[in-house]
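What follows is a set of notes on a single structure, which appears directly below.
Just so it is clear, the values below take in all heavy atoms, side chains as well, and ignore hydrogens, waters and symmetry mates. So that the names make sense, note that chain A is the first sequence line, chain B the second, and so on, each numbered from 1.
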There are 2 protein chains.
Amino acid sequence: MQTIGQAIRQLYPISDRSFEQLTSLMQRQELPKGHILFREGQVSHKVFFIERGIARAFCYRNDQEVTFWFGVESDLVFSYYSYVANKPGYETVELLENSVVQAMDLAQLQELYLTNIELANWGRKLAEYELIKTEERFMVFQFQSATERYKALLQQNPALIQRVPLNQIASYLGVTQVTLSRIRAEVR
Amino acid sequence: MQTIGQAIRQLYPISDRSFEQLTSLMQRQELPKGHILFREGQVSHKVFFIERGIARAFCYRNDQEVTFWFGVESDLVFSYYSYVANKPGYETVELLENSVVQAMDLAQLQELYLTNIELANWGRKLAEYELIKTEERFMVFQFQSATERYKALLQQNPALIQRVPLNQIASYLGVTQVTLSRIRAEVR
DNA sequence: GAAGAAATTTAACAAATGTTAAAAAATCAC
DNA sequence: GTGATTTTTTAACATTTGTTAAATTTCTTC
């Protein structure tokens, strides 16, 4: 498993001093399963680095929860729309296991961006990588069938299917749970 | 219509000096309909600002072109994956009309990012806004039906449907052209 | 403006996915 | 371990979307 230091510096190499500045903003928190990191309709002021545990983001659609993102160890958790547009976010993010996270205040982070060019470029790289991750996820939806999406998930992240209930996996893949069961019956 | 200057400064306010530095990298080009801005399988070294015209990005899937993005006046055209990961891009971007673009060299842009903190933060904001745009497009796919997607497009960008052949609109919406025709027959 | 080409719609049928409800399996609490 | 609860699978049928091909409309070119 990657440490937070490795994750930060792998994104974009920064000096020890910048690293200190960045990590000094972080607060280690142990949070229980079910804890809500972001709540739909609220403006977010925090970003979280997942040290241990798993999180999911979901929205409501026709009174049903639709899961569209999972975060695992060494992932960052943003309510990106809320952060960028400075408006209420549309998603709720909850922890699916007892977890350890490093929490950072977004206002303090943005302060750093304005005064430290190394960190400004680190923040740029962060957004750029999040962008291509989101783009890839989008492409998967537009270019692959539900069965292909499931197989890809099975290959790339088999642990996720063990750790998360299948109704959440189903909505993550964009199908109903019944369809996912059918797919699993085929693949088996 | 927005000028390029307005588009740049709306994203993130920058000083006149930074603005000069940025725009000095730009080269105005008049390019014909059908011109390829990025070609699949190649690493991109440029970014384009569309002053006049329209562009589309597509990939091949089972020997068929699948259009997944349109760019119009005052949009920026990146081959983002290629730029961020510095690997061959998976998409081809072509101009659908005779167009005027401002072309910028990515290496020179990145030079500026490393020396000018204002521009580094501008570049960060650019990536952040592209991120939430991509995220929104993804959410539309996971949360809305094809009919809803068509209606939304009709409302938000009616001109696009006039300017672009329907088979491209169909694949942009993630359905076949036959299905799009059916949707249009219903909506009418 | 007429002939040909391209784009769009319609039709008929096949395949995939959704919906509802019930059955089966797995998990939890005691 | 046993009963209750939750999760997952299966079944039956409805709806949506895809596929192929033909018909129609629109656009080009001369």
Side-chain angles (χ1 to χ4, degrees), chain A residues 32-34 54 56 58-68 70 94-98 138-154 157-188, chain B residues 32-34 54 56 58-68 70 94-98 140-154 157-188:
Chain A
K33 174 175 176 171
I54 186 162
R56 70 159 180 142
F58 64 92
C59 297
Y60 288 95
R61 159 92 176 152
N62 304 333
D63 290 336
Q64 289 214 315
E65 293 179 2
V66 180
T67 300
F68 62 94
F70 291 108
E94 75 165 352
L95 295 175
L96 298 180
E97 300 174 355
N98 296 332
F138 167 70
M139 303 287 278
V140 162
F141 255 77
Q142 200 176 20
F143 287 82
Q144 294 183 191
S145 70
T147 305
E148 289 170 319
R149 295 202 289 273
Y150 176 72
K151 283 184 187 166
L153 185 66
L154 207 57
N157 206 344
L160 196 72
I161 296 170
Q162 306 304 318
R163 292 169 79 180
V164 172
L166 285 179
N167 64 333
Q168 291 174 19
I169 299 281
S171 74
Y172 178 78
L173 293 172
V175 294
T176 61
Q177 188 175 352
V178 175
T179 298
L180 178 57
S181 266
R182 280 193 280 239
I183 290 171
R184 283 160 61 88
E186 273 173 39
V187 170
R188 195 189 312 146
Chain B
K33 174 176 175 170
I54 187 163
R56 70 157 181 143
F58 63 92
C59 296
Y60 288 95
R61 159 94 176 152
N62 304 333
D63 290 336
Q64 290 214 317
E65 293 178 2
V66 181
T67 300
F68 61 93
F70 291 109
E94 75 164 353
L95 295 174
L96 298 179
E97 299 174 353
N98 296 331
V140 162
F141 255 77
Q142 201 177 18
F143 288 81
Q144 295 184 192
S145 69
T147 305
E148 289 171 319
R149 296 202 288 273
Y150 177 72
K151 282 185 187 164
L153 184 67
L154 207 59
N157 205 345
L160 195 72
I161 296 170
Q162 306 303 318
R163 291 168 81 180
V164 172
L166 285 179
N167 64 332
Q168 292 174 19
I169 299 281
S171 73
Y172 177 77
L173 294 172
V175 294
T176 61
Q177 188 173 352
V178 175
T179 298
L180 178 57
S181 266
R182 280 193 279 237
I183 290 171
R184 284 161 60 88
E186 273 172 40
V187 170
R188 195 190 310 144

Look for any protein N or O under 3.5 Å of an N or O in nucleotides 17-26 of chain C and output each such pair with its distance, or none.
unit_1  : atom_1 : unit_2  : atom_2 : d
dG18(C) : OP2    : T176(A) : N      : 3.3
dG18(C) : OP2    : T176(A) : OG1    : 3.2
dG18(C) : OP2    : T179(A) : OG1    : 2.4
dG18(C) : N7     : R182(A) : NH2    : 2.7
dG18(C) : O6     : R182(A) : NH1    : 3.3

Next on the checklist: Please verify the inter-ring angle class for F70(A) with Y172(A); under 30° counts as parallel, over 60° as perpendicular, anything in between as tilted.
Outcome noted: tilted
Would you list the protein and nucleotides 5-8 of chain C atom pairs, both N or O, that sit under 3.5 Å from each other?
unit_1 : atom_1 : unit_2  : atom_2 : d
dT8(C) : OP1    : L166(B) : N      : 3.4
dT8(C) : OP2    : L166(B) : N      : 2.8

Checklist entry - If you look at every heavy atom in E65(A) and S171(A), which pair is closest and at what distance? => result O-OG, 4.3 Å
Next on the checklist: Any non-hydrogen side-chain atom of R56(A) less than 4.5 Å from a side-chain atom of I54(A)?
Outcome noted: no
Checklist entry - Any side-chain heavy atom of L173(B) sitting closer than 4.5 Å to one from T179(B)? => result no
Next on the checklist: Without decimals, in angstroms, what is the distance between Y150(A) OH and dT8(D) P?
Outcome noted: 11 Å
Checklist entry - Side-chain contact, heavy-atom cut-off 4.5 Å: T67(B) with I169(B)? => result no
Checklist entry - Under 30°, 30 to 60°, or over 60°: which ring-plane class applies to F68(A) and F143(B), parallel, tilted or perpendicular? => result perpendicular
Checklist entry - Just wondering, more than 12 heavy atoms not from E148(B) lying within 6.0 Å of its CD? => result yes
Checklist outcome for this item: Protein heavy-atom contacts under 4.0 Å, written 5' to 3' over nucleotides 22-30 of chain D as B (base), S (sugar-phosphate only) or - (none), form the string ---------
Checklist entry - Quick one: are L96(A) and R163(A) in side-chain contact, heavy atoms under 4.5 Å? => result no
Item to check | Length of the line joining L173(B):CG and dT17(D):C1', which is rounded to integer Å | outcome: 14 Å
Checklist entry - Can you find a heavy atom in the side chain of Q168(B) that is under 4.5 Å from one in the side chain of F58(B)? => result no
Checklist entry - Heavy atoms, side chains only, cut-off 4.5 Å: are L95(A) and K33(A) in contact? => result no
